[in-house]
Every structure is written in structure tokens, then in C-alpha cells.
Amino acid sequence: MARAYDVIETEKKWQRRWREEGTYEVDADDPRPPWYVLSMYPYPSGAAHMGHVRNYTFGDLLVRHRTMLGYAVLSPFGFDSFGLPAENAAIKTGTHPRIFTDARIDELKESITSLGAVYDWRREVRSHDPEYIKWNQVIFTRFLEAGLAYRANAPVNWCPGCKTVLANEQVLADGTCERSGDVVDKRDLEQWFLGITRYADELLDGLDGLAWPERVKTMQRNWIGRSEGAEFDLVVEGRDGADGGERLALRVFTTRPDTSFGMTYCVLAPEHPLVGALTTPDQADAVADLVARARASSDVERLSQSGDAGLEKRGAFTGSRVINPFTGTPVPVYVADYVLMGYGTGAIMAVPAEDTRDWDFAQVHGLPIVRTVQPPEGWDETGGPGGTPGGAYTGTGVKINSAWLDGMEIAEAKEAATAWLEEQGRGERTVNYRLRDWLVSRQRFWGCPIPVVYCPIDGIVAVPEDQLPVVAPDDVEFLPTGESPLAVHDGFRNTTCPTCGGPATRETDTMDTFVDSSWYFLRFTDPWTPDAPFDKEIAAHWMPVDQYIGGVEHAILHLLYARFFTKALADLGLAPDGLREPFANLFTQGMIRMNGTKMSKSKGNLVAPTDYLTTVGADALRLFHLFVGPPADDVDWSEQTDSVIDGCARFLDRVWRLAVPEEARNGEDTSTPEADLEIRRATHRLIDRVSRDYERWSYNTAVAACMEFVNTLAPYVRDGGRAEVIDEAVDTLLLLLAPMTPHVAAEAWERRHGDEVHARSWPTAEADLLVEETVTMVVQVNGKVRDRLEVAPGITEDDAAAAALATESVVAALAGGEPKRVIARPPKLVNVVV
RNA sequence: GCCCGGGUGGCGGAAUGGCAGACGCGGUGGAUUCAAAAUCCACUGUCCGAGAGGGCGUGCGGGUUCGAGUCCCGCCCCGGGCACCA
């Protein structure tokens, strides 16, 4: 496609200029009001992909727009440079991950630069940089001191593909690893955890004040999964201690203490410690069988077994009974794998009438059902889907069969039942969370080493700050087994205890890379302070991030961890006091899809941005991403996409030709004052419209408005418009385009004025030019458009109605009769009802 | 199963309860050209009609309203998230 100007040279020129002049380098002492915009820092996987392009286009637009509005805009960039791909490459090719990673970073930087995105590169961070490692480790040791980092034995998720343990957040709902797709095993291992659950309530409550997409907040709420209820003891029949023997009781958790009168059995998780004690000899075989089967099957298999047959095999009677404290009646105790050891107490009271899982289980095992909530009329006959019998009733209603709770509503009964348990000393109200502490240790090489030494005398000892960073040695061998080279590197492993000086061994696990990304936005505010991860005062100047931009895929993982870190760092005195949330506004952009699936390397359906950056250029590609639809929506990359991008390039050519005409206009102003005024009005309407569209992230309509304006302006210019009017129009257009298509705007502006468009102020619309002289008023008869009239914008209701009634179509419709009703909404419309 | 989004021309999409389809892509016709590219102009929801014009039309069925793509009720379909969490 032949272009109106040398796109590639122009873009290179300005990219060089922005970098050399340091236009977008800002410091905390800048007198302008601060504004912090951040795109999620990327894992460096080589040249930028379309998702990056989309992300950084929005970010860069904000940087430039806010700068023109007079803010000191902090726009840093860095790389989330630890991670498994580099290590896998090392295993395959023998290249050290650092060499591999640094090369990928260079490629990515190159393509970001050629997109025309501008950053304060002085602030660049790389998580594998020894400086960053050091502060990461300092933070870890501070967590350790505060008890926020601890070692514990727990059943953990082991990914055989990645040869490492994973956090709960990294295991997908189907039990597979979010990275490799392998089915995750459960193993009992001693691992490092961070105490995120200590902040569960604050993480939940803090969401209310955030200007984040509701969807993301909901996902976090669900993930934290707070549920209020009660815990209480169920004394085992014959083991109440009255005979001088040991009292034995089973503790259960429920969110529905009001249904306790309907408990007809209870259930232990197969892993529950009391399974052995409660199983009678005659049931031992059946229970042992069930426990063995549960242990052997993964979570996925457990989930996949459904239906009655599955349920029958998946539960066994222990032979013991416990006493329902509310009724004094004994109920049987079962072991079943539908109860999870990891949640609540690992044991439940079962109320089949009001819980669907208990209902199903009770049906199969022939257990009694007692309703404690009055279901609606006909529930047992037709309350189910498609008029089938209803089954468990979980809705609202009045309590029945529940002695002193009868007649209460559920909420009231919950409260009463809980209060009773507390009075009786049998239990208390509790809150349970789905959220678990964050498992951060990884059996990998390419990550931040956990700075801890194990000493036979002093136990777990943190490496003192003056000995940090602990960095991995370079003389390592990457084994095809995937085992971390650190674990078998004697020089690294064997060390001395920092406390007693005796022989000791190092921790060889590294940290989850999500640790690195949990505070990098704070580091960006001040990556230079020598004695702290960042200066608190300076961080306070910029934080919180005013606008954070990234993909929804981080809705839980990164965004939850970063919120946790911000709170914890503030509490430890490292982050500014009172900084409770890192990201004031969050924007999650849509995915790039191709034929309905996510565009990704693994799917082999990548479209390389480089192909466009070196042909149509960055401006046209950026314009496409802005124009294609609402930023939050997914983009479907189709056969037509290339023509749309060409269309964007075509538009920029038209702008260029208007702004930098090949031959000077011949000086003849042949336009009328009316036409001049119309163009001036259109110019100021455009400022108004585009400015408002920028504020509401409606870039597609902002672009459309600019295109429409060019369509209006071009004939005026061609037919001999007035030079001052044209200049005002063209200059305005260039200013409004400057954040979207910075290169062409900068070059055209420089040719016209000699200075830089991005250093100019954002234009403001003149109010009196926004008022129209006449507007089109629609005349409807019975809601159907029958006529259009040009009227003054300030026309009165009476005048509007009179004008409408005088039109031919209304006169014809009335046929001499009187209108039933006339609705006048001046100056937009009059509707005559006949 | 539960919780969010979303269904508008051939396509991407636009529309504070007030002219549905802005803008762009694609398509058709034309100007320019030896020819093409590029550029420019006109038309382009659908049906009826030679035309003027008119009927229909925003997933489906109801409702509120002078007036509904927009609000309410009940469904259908698509996308995403969560899911033995007691």
C-alpha cells in the first residue's frame, strides 16, 4: 500500500527522539500533580505479541493524554523475568536461563519501543536482577520475623510436569496445572507458606472501595470464600466421659446451625484423624476400603464420579453414633469422600432435607430425612426442574420440626441456634474461608532463592541482611530429569550457620514468581534507594497506582497477592503507612481471539505484531486496536482484520494530506461565513466529544468522531475554505490524535509549527461554539417518524407543538379531527397521538 | 447447578427511554488513468414499489410507556468465572 508519508522513517525518528530527550522521565519533586499509570509487567517471552500491543497501546495513550492534561505521569516498565520457560529452555539447550532471558528481554524491549510506547526507562526492574533478588529476600526475612512466612507440612499440589509444588491458585478447577496442563498430585510435603489468610477479612472488605471491574471483585470474593457459621461438638455415643473414660467428640462446622434438628447422620472426610477411633471392628473392612480408594484417586477422579452408584461406593458406615445436642438423639457416623479434610473441621452434620449433597447421599444409603424448613406448596411433587419432585429445599421459609426454633425465619433461627450452642458451652460461632495460606516454595532453579539456612543447632535461620542477596551459582548443570540443579549443588547447599558458625545447609527451594510481582509497582516508585526496597516517602507520593491495566487472567492470582503484599508491607513498616490498596483503578482489557479461541503460542495461532510494525507502522496498528471495539471486549482476529488495519492507515494518510499539503493552497478563500462557522463548530464539538470519550475509555467512538470530522473537513478544504479555519481544525485534530497515533501527530505538528505536539496542552472546547443555531426536530404520529423540522434549540414546548401540528403529514393524519394527545419534547421531538 | 458478561446489517461495532445501524471493513456503480495502483464521488438492513413512498426490523414471548435495542417479568442461545467449601 503506497503511503502519503514515509511511515517507517518517521516512526523511528520519533521513537529515538522520545528516548533521547527523556520526555517521559519524571521525578517525585516534579511540581505537577502526580499520576501513576502502569501496565502489568510482562514475562519476557520474546518479541511482543498482540495482547501486549493492545495492553501497551492503552497504557501509552493514557501516559500521553495525562501529560497533555498537565500531570507528572509516572510510567515505568520492567520484566517479570523469573520463570519456568527459561529453565525448560536451559534443560533442552544447555543455555543458562539468564542468557536466554536477557536475550528475550532485549527482543521485547525492541518491539515495545517500535510500538512508540514511552516509559521512564531509568526505572526498569528485572526480577532476576541481584538488586531485586536482594530486596525480595529482605522482604521474605521480614515476613519470617513477623511470622507471616512459615514452614509447614501439608498435603500440597505437586505438578509432575513442572516438577514442583503449586499454590492452590495455580491449580485449575479440573485439577490440572494452569501452566503445563498436567494432572496435579497430592503429596504430603514440608513447604514454605505466606500467611495471606491473616488478611482474609481485609482483602474481602477492601474490595468494596476499589474502582475495579465488578467481575474481578466477584472472582476475588468467591476465591476468599468467607462463610459464617458455627462449630460444635457431637459427643460419641457411650463416650461422654461419664463412665470415667475419655470423652470423645466430633467437631463439625456448619453455615446452617438452624437446621440442626434435621441432622440425621454425620460424615467424616476419609483423611479425618478420628476415622480409626470411630470405626467398629465389623465395619473396619468397608471403611478401610473406602479410605484406601479415596487416597488413591485424585481430586479429579473424585469429582468425576457422579450419580447414585458412585455415591454408594463413596461412603461407608463407621459403626459409631454421635448424639445430636439439639435433640439428644444418636445418629450414625459415615465416612465419605464428598467431605473434604481441607475445609472447616473435615466433618459435617448432614441435613439431607436442606442440603442437596446430603439428600443424594441419604437417598442411596437409606437414611432418614427430616425437614426443618417449610418448603413451598407442592415442593415434594413438582418443586424440581421440569415439575419433578423437589428434593432438598435450600430456599427461604419458616422453621418446622425444630422445637423452640419453630416459626422463626432462617436468619433468626440461625442466630438463636448459635446463641444456644454458646450458652451451653457446646460450640461457638466461627468464620471459615476458602482461601488457604499461599504456598510459595518451588523446587526450581530459575527463581529467587529463599534466603534461609538450616542449622542442626539453631534450626531455621534467616540469612542476615548484610549477606543478601543469596544468588544461585552459575556452574550448574540442568538435568533432563527436571530436578532443580540447586538441590544437588554441594557448593551452594553446604554453608555455615550465620548464628553459630557451624556447618549448615541452605534452603534450595526458590520463591513462586508471583512473589516478585507482588511489590514491583512499589519498587518502580524509587528503584534507587540503597538501604531499602524503596523509599517510603517517595512511594507515598506516587502510590496507589492511579490506573492499572492488564488481562483478566490475573484477576485472582497476581491481583490478590499484590493486595496482600501491600497491606503486609505497610504493617511491617516497609510501605507507606495507611497504604492499604495498591491499585485504585483497574482496567482489564479483552483477549485477542482467533476463530473463537485465545490467541497463544501453544495454540499456534499467533499473529506477529512485527509484521505490522514494519509495514503499516505502529500508528495504524495502535489505531486499529483502539478502533476495533470497546477496550474491555475481546477482539476476534479474522480474515477481514487486515483490511480494517489498512483502513486505519488510509485514515492517517488523509490526516497527513490535510496537515501537510503537497502544494500550498492557492490562497483563494471562497467559502461563506456560514460554512466557516460550521467547521469551527464541528472542530469544537470534536474536542468536546473526544475529550469525553477519552474519560470513559470509549476510544472506538473517539476514533470514529475523528474520522467523521475528516469527512466533514476534507470537502471544505477542497472547495477553498478559509486558512485560519482550516488551521484551527487541523491543529485540533492533531492534538486529539497525539495520544493515539503519536508519530504521525508529532511529525505533522513539527512540520507545521516546529515544536512538539506532546508538549502542548490538551485543547478545550469553546462553550459558545458548542451551542447549535438550529437542530433537527422529529415529528412523530403515533410514535412513527413522519417529518423533520429545523428549529431553534431553545424552542418552547408550545411553539414546537404548533410547528408539528402545522406539518403536512400531521394535518393529513388528523384528517380535520383533534389529536388525542401531543407530547412535545423540545427541541428533539414532538409526538402526535391521533 | 450457582454467579457475572453478551445476543443489533454480509462483518467489527454506534445509539442520557425519543430519527436504529454513527464510524469502519466488505460490496456495487461511477470519475480519474493508455492501463493499473493510489485517490475521489454516489449507493449499500430487509420486503413491496418503475418512482414518490410505504410495510417489517435490535435472540424469543409477555408487560410498562405517547414512545423500548435501552426499563420490568418469563424463556432460549453464546462466552467467561466458580463448583462436593458443609
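Keep in mind that what you see is a predicted model, and the values were worked out from it rather than measured. Labels below follow one simple rule: chain letters A, B, ... track the order of the sequence lines, proteins then strands, and each chain is numbered from 1.
- Phosphate proximity of B/G1 to A/Thr356: absent, as no side-chain N or O sits under 4.0 Å from OP1 or OP2.
- Under the 90° criterion around 0 for the glycosidic angle, B/G24 counts as anti.
- Taking side-chain N and O atoms only, A/Asn711 has a distance below 4.0 Å to OP1 or OP2 of B/G24.
- Using a 30° and 60° split on the angle between ring planes, A/Phe253 and A/Tyr343 fall in the perpendicular class, above 60°.
- Considering only the side chain of A/Ser643, B/C25 comes nearest among B/A86, B/C25, B/G13.
- Contact between the side-chain N/O atoms of A/Arg650 and the OP1/OP2 oxygens of B/G24 is not found at any separation under 4.0 Å.
- Residue A/Thr701 has its side chain nearest to B/A14 when only B/C66, B/G79, B/A14 are considered.
- Ring-plane geometry between A/Phe58 and A/Phe587 is classed as perpendicular, the angle between the planes exceeding 60 degrees on a 0 to 90 degree scale with a lower cut at 30.
- Side-chain atoms of A/Asn831 and base atoms of B/C66 include a donor and an acceptor less than 3.5 Å apart.
- Within the 4.0 Å cut-off from OP1 or OP2 of B/A14, at least one side-chain nitrogen or oxygen of A/Asn700 is found.
- If you check every strand for non-hydrogen atoms under 4.0 Å, A/Val628 touches sugar and phosphate atoms only.
- Relative to the side chain of A/Phe627, the nucleotides B/G12, B/A14, B/C19 differ in distance, and B/G12 lies closest.
- At a cut-off of 3.5 angstrom, the base of B/G5 holds no donor-acceptor pair with the side chain of A/Arg215.
- In this structure, A/Arg654 does not reach the B/U39 phosphate: none of its side-chain N or O atoms is under 4.0 Å from OP1 or OP2.
- Ranking B/C19, B/G81, B/C66 by closeness to the A/Arg821 side chain, first place goes to B/C66.
- For the pair A/Phe651/A/Leu737, a side-chain contact is recorded, criterion being any heavy-atom separation below 4.5 Å from C-beta on.
- Donor-acceptor pairing under 3.5 Å is recorded for the side chains of A/Thr776 and A/Glu790.
- Between A/Lys784 and the phosphate of B/C56, there is a side-chain N or O to OP1/OP2 separation shorter than 4.0 Å.
- Here the two rings, on A/Phe624 and A/Trp637, have centers that are under 6.0 Å apart.
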